[in-house]
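A quick write-up on the structure given underneath.
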Number of protein chains: 2
Amino acid sequence: MRLTTRGRYAVTAMLDLALNNECGPISLADISHRQEISLSYLEQLFAKLRQNNLVNSVRGPGGGYCLARSSDAISVAEIIDAVNESIDATSCSGKGNCHNGDICLTHHLWDDLSRQIHRFLSGISLDSLVHQQEVQVVMLRQNDQADANSGCAKV
Amino acid sequence: MRLTTRGRYAVTAMLDLALNNECGPISLADISHRQEISLSYLEQLFAKLRQNNLVNSVRGPGGGYCLARSSDAISVAEIIDAVNESIDATSCSGKGNCHNGDICLTHHLWDDLSRQIHRFLSGISLDSLVHQQEVQVVMLRQNDQADANSGCAKV
DNA sequence: AAATAACCTACTAAATTAGTATGTTATTTA
DNA sequence: TAAATAACATACTAATTTAGTAGGTTATTT
């Protein structure tokens, strides 16, 4: 089971995109600045997000990334799946060959857990995060701190 | 968030103990043999399980480990907590200082997820695993394969 | 033409996990 | 009482994964 900085960075960056969705393409440099994630690392993550049709890109000056769909049609589970291989908790990646080609004693437990986590994260859209009060508060603070504000009227 | 072989090994080993609970102390050598987990690695895990009062030990020949409580009073969550530091999914270990001393955009999301996972695993006792049909089937197969059967009448 | 920002690939560093090796100590059994 | 057993302890190595760096190329706008 993998749920590390990588998945968290991806969700954070996508949420940043969602929050600034009205402002046209958002450059990774902006996200890097606001969320304090290394630019090069973001580029690697966005390569995967793009391959999985979660974002569209615009090259050249003024370019950047936009959400490929509306924020209520993108779940947290999809984002994590895109950058992490999976959120599967079994040792056999669900194959069921964890003990000498058969399932191990605890295979079903981890399988159930994986499903549970996936269901939870699938039920949470970027849009629902955007409308959480805590997220709003954090975003306002971040915008205050970042002088390099694009001037786009925030929601 | 950590949920790796380590936690899985610990739960598997504890389940093995629960399944053989009637047979007196179970040696780590037996568990190592049945579950194909390195003996030395098991010793490290059981040191933690013992510190967390999940098992009692008996030294010397015929010794081994027993569950410290009845199997319906030991949850999977407790076992994982004992060997992994935690199953917390936040980057700040729940401290809430993930972004410049304040919470990050997605803090609450990971916090909720952690709680969700913990609730799920807390609700599953060793005893409930013992009585799952799949577990019974796997155990029977393992006992067939292992000639080094202690001769204890299995449940 | 210059600047910008996506796009691409290979590499390094850090952290963590998994596993090994080598003992010591307590307890039972012959 | 000696030998065998199995817990207990610690230090080390190997493997894997994550996180981050470096150094480019390509497309597009100004």
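Residue numbers start from 1 in every chain, and the chains themselves are labelled A, B, ... in the order their sequence lines are given, proteins ahead of strands.
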Write down the protein N/O and nucleotide N/O pairs, taken from nucleotides 20-23 of chain D, whose separation is under 3.5 Å; answer none if there are no such pairs.
{"residue": "D:dG20", "atom": "OP2", "partner": "A:Tyr9", "partner atom": "OH", "Å": "3.2"}
{"residue": "D:dT21", "atom": "O4", "partner": "A:Gln44", "partner atom": "NE2", "Å": "2.7"}
{"residue": "D:dA22", "atom": "N6", "partner": "A:Ser40", "partner atom": "OG", "Å": "3.4"}

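When all heavy atoms are compared, the tightest approach of B:Leu39 to B:Ala29 is CD1-N, 3.7 Å. Of all the heavy atoms in A:Arg34 and B:His99, the pair that sits closest is O-CE1, 3.2 Å. Considering every non-hydrogen atom in both B:Leu42 and B:Leu28, the closest pair reads CD1-O, 3.6 Å. In plain terms, the two heavy atoms of B:His108 and B:Ile103 that are nearest each other are NE2-CD1, 3.6 Å.
Panel note: side chain A:Asn52, backbone A:Lys48; a donor-acceptor pair is recorded below 3.5 Å. Between the side chain of A:Asp111 and the backbone N or O of A:His107 there is no donor-acceptor pair closer than 3.5 Å.
As a whole-Å value, the separation of A:Lys48 NZ from D:dA19 C1' is 14 Å. The CG atom of A:Leu17 sits 10 Å away from the P atom of C:dA6 (whole-angstrom rounding). Protein atom NE2 of B:His33 is 16 Å distant from nucleotide atom P of D:dT5, rounded to whole Å. The separation between B:Leu45 atom CG and D:dA6 atom P is 19 Å, rounded to whole Å. One interatomic measurement links the two molecules: CG of B:Leu42 to P of D:dA6, which rounds to 14 Å at whole-angstrom precision. One interatomic measurement links the two molecules: CG of A:Leu28 to C1' of C:dT4, which rounds to 13 Å at whole-angstrom precision. If you measure from atom CG of A:Asp30 to atom P of C:dT4, you get 13 Å, rounded to the nearest angstrom.
Side-chain polar atoms of B:Ser75 and B:Ser125 form no donor-acceptor pair below 3.5 angstrom. In this structure, a donor-acceptor pair under 3.5 Å is absent between the side chains of B:Ser114 and B:Trp110.
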Quiz: residues 55-72 of chain A side-chain donor-acceptor pairs under 3.5 angstrom, not counting sequence neighbours:
{"residue": "A:Arg69", "atom": "NH1", "partner": "A:Ala73", "partner atom": "O", "Å": "2.8"}
{"residue": "A:Arg69", "atom": "NH1", "partner": "A:Glu78", "partner atom": "OE2", "Å": "3.1"}
{"residue": "A:Arg69", "atom": "NH2", "partner": "A:Glu78", "partner atom": "OE2", "Å": "3.3"}
{"residue": "A:Ser70", "atom": "OG", "partner": "A:Asp72", "partner atom": "OD1", "Å": "2.4"}
{"residue": "A:Ser71", "atom": "OG", "partner": "A:Asp127", "partner atom": "OD1", "Å": "3.2"}

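Nucleotide D:dT30: paired with C:dA1 (Watson-Crick or G-U wobble, both distances less than 3.5 Å).
Of the residues in residues 56-70 of chain B, those lying under 4.0 Å from DNA chain C by heavy-atom distance are B:Arg59, B:Gly60, B:Pro61.
The phosphate of C:dT4 (OP1 or OP2) has no side-chain N or O of A:Ser27 nearer than 4.0 angstrom.
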